[in-house]
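Per chain, numbering begins at 1; letters A, B, ... match sequence-line order. Everything numeric in this text was worked out from a predicted model, so none of it was measured.
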Amino acid sequence: MNALSIQNLSKQYTNGHVALDNVSLQVKEGDFFGLLGPNGAGKSTLIGILTSIVRKTSGNVSVFDKNIDVDFPAARSLLGVVPQEFNFNLFEKVWQVLVFQAGYYGVNRKTALGKVEELLSRLGLHEQRNSSVRMLSGGMKRRLMIARALIHSPRLLILDEPTAGVDVELRHLTWKFVDEINKNGVTIILTTHYLEEAENLCKNIAIIDNGKIIENTSTKNLLRQLDNQTIELELSTRLKTPPVLNDFSIELSDTTTLKIQCSRKADINSLFTMLSKKKIKVIGMLNRSARLEELFVKITGKG
Amino acid sequence: MISSNWIAFRTIIFKETVRILRIWTQTLLPSAITSVLYFIIFGKIIGDRVGSMVGIGYIEFIAPGLILMAVITNSYGNVSSSFFSSKFQRNVEEMLVSPASEHVIILGYAAGGILRGSIVGLIVTVISMIFTKLQVFDLLIIVSMVLLTAMLFSLAGLVNALLASKFDDIGIIPTFILTPLNYLGGIFFSISMLPEFWQKVAALNPVLYMVNTFRYGFLGVSDTSITFSFVFLGLVVLALYLLSMKLFISGKGMRN
Ligand SMILES: Nc1ncnc2c1ncn2[C@@H]1O[C@H](COP(=O)(O)OP(=O)(O)OP(=O)(O)O)[C@@H](O)[C@H]1O
Ligand SMILES: [Mg+2]
C-alpha cells in the first residue's frame with residue numbers, strides 16, 4: 001500500500017505565486033523518504049497541503065488510501081507532522097502540549113499520559129516535563145515537536161527540517177530516534193538541507209525545485225550518478241607545489257594538505273606509488289566527497 | 001468518531017480551564033475588583049441618593065445587571081483573547097491538523113467562555129451579597145439566562161478573534177461596542193425612564209433583554225417580555241454560531 005499518494009497537485013498562493021506545479025508522488029508504506037530541494041522549492045507547501053494548513057489549488061492526495069478531502073478525520077489521524085516553524089503556545093507546560101494534542105486526536109487522557117512519559121524519556125526531555133515551553137532551548141523545542149507529532153501514534157510521520165539548528169550530538173540522537181520509529185513500521189517523510197542526513201537515513205529521495213519534482217529515485221541510484229570523488233591527504237612532508245599526475249587533479253590546500261579529485265574508477269594505488277617515489281609521506285586520508293551535495297548542485301544548478 | 005470528538009471537546013475545555021487559572025489575575029480578578037467599586041460608588045454612595053428604581057432599592061436593582069455585565073465581558077474576553085493568541089502564536093494549527101471538527105473547536109471555545117463567564121458571575125454574585133440581600137424569584141431563569149448570555153458573547157468573541165489580524169482588533173469591539181451596549185442595556189436604569197424614541201432604540205440592544213430577564217429571575221420585574229427575550233437571544237446565538245462556522249471554514253489567517 002502507498003502511505004502517501006499525490007496526483008497532479010498544484011498550489012497557487014493568493015498573491016499569484018505558483019509554489020507547486022502538477023506534482024505527482026508516491027511513498028510506499030514503511031519507506032523512509034527524503035524530500036529535498038533548495039529554499040523556496042515548495043517542500044513546506046507540499047507538507048502544508050498534506051496537513052490541511054495549506055489549501056491546494058488542484059489535485060488529489062491520499063494517506064493510506066484515505067482521501068484527505070473526503071475522509072479527512074481518518075486521513076488526519078494517520079498522519080503526524082513536525083512543522084518547520086515552532087507553533088507552540090509558549091505558556092503551556094511540556095506535558096500539557098502533549099496531552100492536549102493527544103486529546104484533539106481523540107486519545108483519552110490515560111493513554112496519552114503513558115505515551116507522554118515514553119516519548120519524553122526517549123527524546124531526552126523528561127526533566128523538562130513540567131517546564132513551560134518558553135523555557136526550552138531551540139533543540140528541546142524541536143524534540144518536543146517530534147514528541148507532539150507522535151503522541152497519537154500516526155502511521156506516517158512527516159518531518160519538515162527536524163534538525164535545523166540542532167547540535168551534532170542531538171542531531172545524531174534525532175537520527176537514531178527516527179530510524180527506530182521507521183524500523184517499527186512508521187513511514188517517514190523528511191525534508192532537510194543537510195544532505196548527509198538524507199544520505200544516511202533515506203531509502204528513497206525526491207528532489208523538488210521550483211514546484212516541480214525533478215528527480216525521484218532510490219538514494220543508491222541517485223548516488224550512483226556521481227562519478228567523481230574528492231580525497232584529502234595529510235602529509236608529514238611540507239610541499240611548495242602540488243605533484244602532477246595524469247587522471248588526478250591535485251591541489252595544495254596548505255603546505256601539508258593535498259586535495260585530490262578523480263574519477264570513482266581511478267586507480268588510487270598509482271597515486272600512492274607516485275607519492276612514494278617523490279618521497280612524500282602520507283599520514284592521513286579522508287574521503288571528502290559530499291556526495292549528495294555535489295549531485296544536488298548538478299541537478300538543481302544551485303549551490 | 002463521536003467519542004473522539006467528545007474527547008477533543010473536553011480537551012479544549014480542560015485547556016481553557018488551565019489558561020483561566022494560570023492567568024487568574026487577568027481572568028478572574030479584574031471583574032471582582034470593578035464590581036466592588038460599582039457596588040460602593042453606584043450602589044452605596046449614589047444609590048443612597050437615588051433611593052429606589054421602579055419601586056426597588058437602587059442597589060438591589062443594579063446588582064443583577066452588574067453580575068450579568070461581568071458574565072458578558074468575561075465570556076467575550078476569554079474567547080477573543082484565547083483564540084486570537086492561538087492564531088497569533090500559530091498553535092491553532094495543533095487543532096487544525098487534527099481530526100477534530102470545526103463544530104468541536106467552536107463549541108469547545110464557547111464552553112471555555114461560558115465557564116469563565118459563570119465563574120466570574122458567581123464571584124460577583126458573592127460580592128453583591130456583601131452589599132445587598134439578593135432574593136431569588138426564579139432560579140431556572142437566572143441560570144439559563146447566564147448560560148445563554150455567556151454562550152452568545154463567547155461566540156461573539158470567537159467571531160471577533162476569527163476576523164482579527166492583529167491584537168488591536170480584539171480591543172476595538174469591547175471598547176466601542178460592548179461597553180456602550182452594556183451601559184445602555186438598562187443595568188443602571190429602567191428603560192421606562194427613557195423618552196419614547198430612545199426606548200425604541202434601546203429595544204434593539206440584546207443586552208437589554210438579557211439584563212431584564214436576568215433581573216426578573218431575582219426580582220420578578222422586567223421591562224421586556226421573558227419569552228421574547230429567550231427566543232430573540234436564541235436566534236442571535238444561532239446566527240453567531242453559523243457566522244463563526246462560516247469564518248472558520250474560510251480559514252482566514254489560519255490556513256493559506
Ligand atoms: N503564504 C504564502 N503566500 C505566498 N507565497 C508563499 C507563501 N508561502 C510560501 N510562499 C512561496 O512559495 C514558495 C515555496 O515555499 P515553501 O515554504 O514551500 O518552500 P520550501 O521548499 O519549504 O523552502 P525552505 O527550504 O526555505 O523551507 C516560495 O517561493 C515562497 O515564497
Ligand atoms: Mg520549508
Side-chain angles (χ1 to χ4, degrees), chain A residues 11-15 17 19 44-45 47-57 66 68 71-83 85-93 96-109 111-112 132-134 145 148-149 151-152 154 158, chain B residues 1-27 78 81-109 111-112 161 165 248-256:
Chain A
K11 170 66 186 178
Q12 180 169 30
Y13 281 107
T14 41
N15 66 1
H17 182 85
S44 297
T45 301
I47 290 172
I49 291 172
L50 304 184
T51 60
S52 85
I53 296 300
V54 176
R55 293 211 159 107
K56 60 187 161 61
T57 310
K66 309 278 185 219
I68 60 163
D71 201 357
F72 76 88
R76 288 184 198 171
S77 297
L78 290 165
L79 215 130
V81 66
V82 176
E85 316 274 349
F86 297 129
N87 60 348
F88 291 115
N89 180 342
L90 295 176
F91 300 99
E92 280 168 6
K93 296 190 189 313
Q96 288 171 342
V97 168
L98 299 176
V99 169
F100 295 163
Q101 183 74 78
Y104 304 147
Y105 282 90
V107 179
N108 70 49
R109 208 179 145 77
T111 314
S132 54
V133 175
R134 75 198 141 94
M145 289 217 288
R148 188 179 62 181
I151 194 75
H152 62 290
I158 302 179
Chain B
M1 224 47 236
I2 290 168
S3 74
S4 32
N5 271 327
W6 174 241
I7 293 175
F9 174 69
R10 276 193 346 217
T11 302
I12 298 175
I13 298 179
F14 175 52
K15 175 179 75 118
E16 288 301 287
T17 311
V18 168
R19 177 181 173 275
I20 291 168
L21 298 178
R22 184 183 63 230
I23 50 169
W24 65 276
T25 50
Q26 294 165 54
T27 54
N78 200 66
S81 57
S82 174
F83 193 82
F84 182 73
S85 69
S86 80
K87 228 171 90 171
F88 187 78
Q89 294 191 83
R90 303 218 57 89
N91 58 298
V92 69
E93 290 177 1
E94 293 177 341
M95 284 177 277
L96 297 181
V97 301
S98 82
S101 77
E102 281 91 356
H103 293 290
V104 166
I105 301 175
I106 293 173
L107 290 172
Y109 273 88
S165 50
F248 214 104
I249 290 170
S250 89
K252 182 181 168 281
M254 300 190 289
R255 303 190 208 256
N256 282 310

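Two residues are said to be in side-chain contact when any heavy atoms from C-beta on lie closer than 4.5 Å; B/V18 and A/Q96 meet this criterion. A 4.5 Å side-chain heavy-atom check between A/F100 and B/T11 finds at least one atom pair inside the cut-off. Two residues are said to be in side-chain contact when any heavy atoms from C-beta on lie closer than 4.5 Å; A/Y104 and B/I12 meet this criterion. Considering only heavy atoms from C-beta on, B/R22 comes within 4.5 Å of A/F91 through its side chain. Between B/E94 and A/V97 the shortest side-chain heavy-atom distance falls below 4.5 Å. Put simply, the side chain of A/F86 does not reach to within 4.5 Å of the side chain of B/R90, judged on heavy atoms.
Scanning both residues, B/P99 and A/P73, for their nearest heavy atoms gives CB-O, 3.5 Å. In terms of heavy atoms, B/Q89 sits closest to A/N89 at NE2-OD1, 3.3 Å. The minimum heavy-atom distance linking A/N87 with B/E93 is given by the pair ND2-OE1, 2.9 Å. Counting all heavy atoms, side chain and backbone alike, A/S52 lies closest to B/V97 at OG-CA, 4.4 Å.
Interface remark: A/Y13 contributes side-chain atoms only to the contact with chain B (heavy atom separation under 4.5 Å). At a 4.5 Å heavy-atom cutoff, the contact between A/K11 and chain B is made by side-chain atoms alone. For A/L90, the parts lying near chain B are the backbone and the side chain together; criterion is any non-hydrogen pair under 4.5 Å.
Atom CD1 of A/I53 sits about 6.0 Å away from atom CZ of B/R255, to the nearest 0.5 Å. Note that OG of B/S3 is 9.5 Å distant from CG of A/N108, once rounded to the nearest 0.5 Å. To the nearest 0.5 Å, atoms OG1 (A/T111) and CD1 (B/I7) are separated by 8.0 Å. Within the model, atoms OG1 of A/T51 and CG of B/L96 stand 9.0 Å from one another, a figure rounded to the nearest 0.5 Å.
By the 6.0 Å contact criterion, NZ on B/K87 is enclosed, its count of non-hydrogen atoms from other residues, nucleotides or ligands being greater than 12. With a 6.0 Å radius and a threshold of 12 heavy atoms from other residues, nucleotides or ligands, B/F88 has its CZ atom at or below the threshold.
Ion pairing between B/K15 and A/E92 fails under the 4.0 Å rule for side-chain N and carboxylate O.
Highest contact tally toward chain B, considering only A/E85, A/R109, A/H152, is held by A/R109 [criterion: heavy-atom pairs under 4.5 Å].
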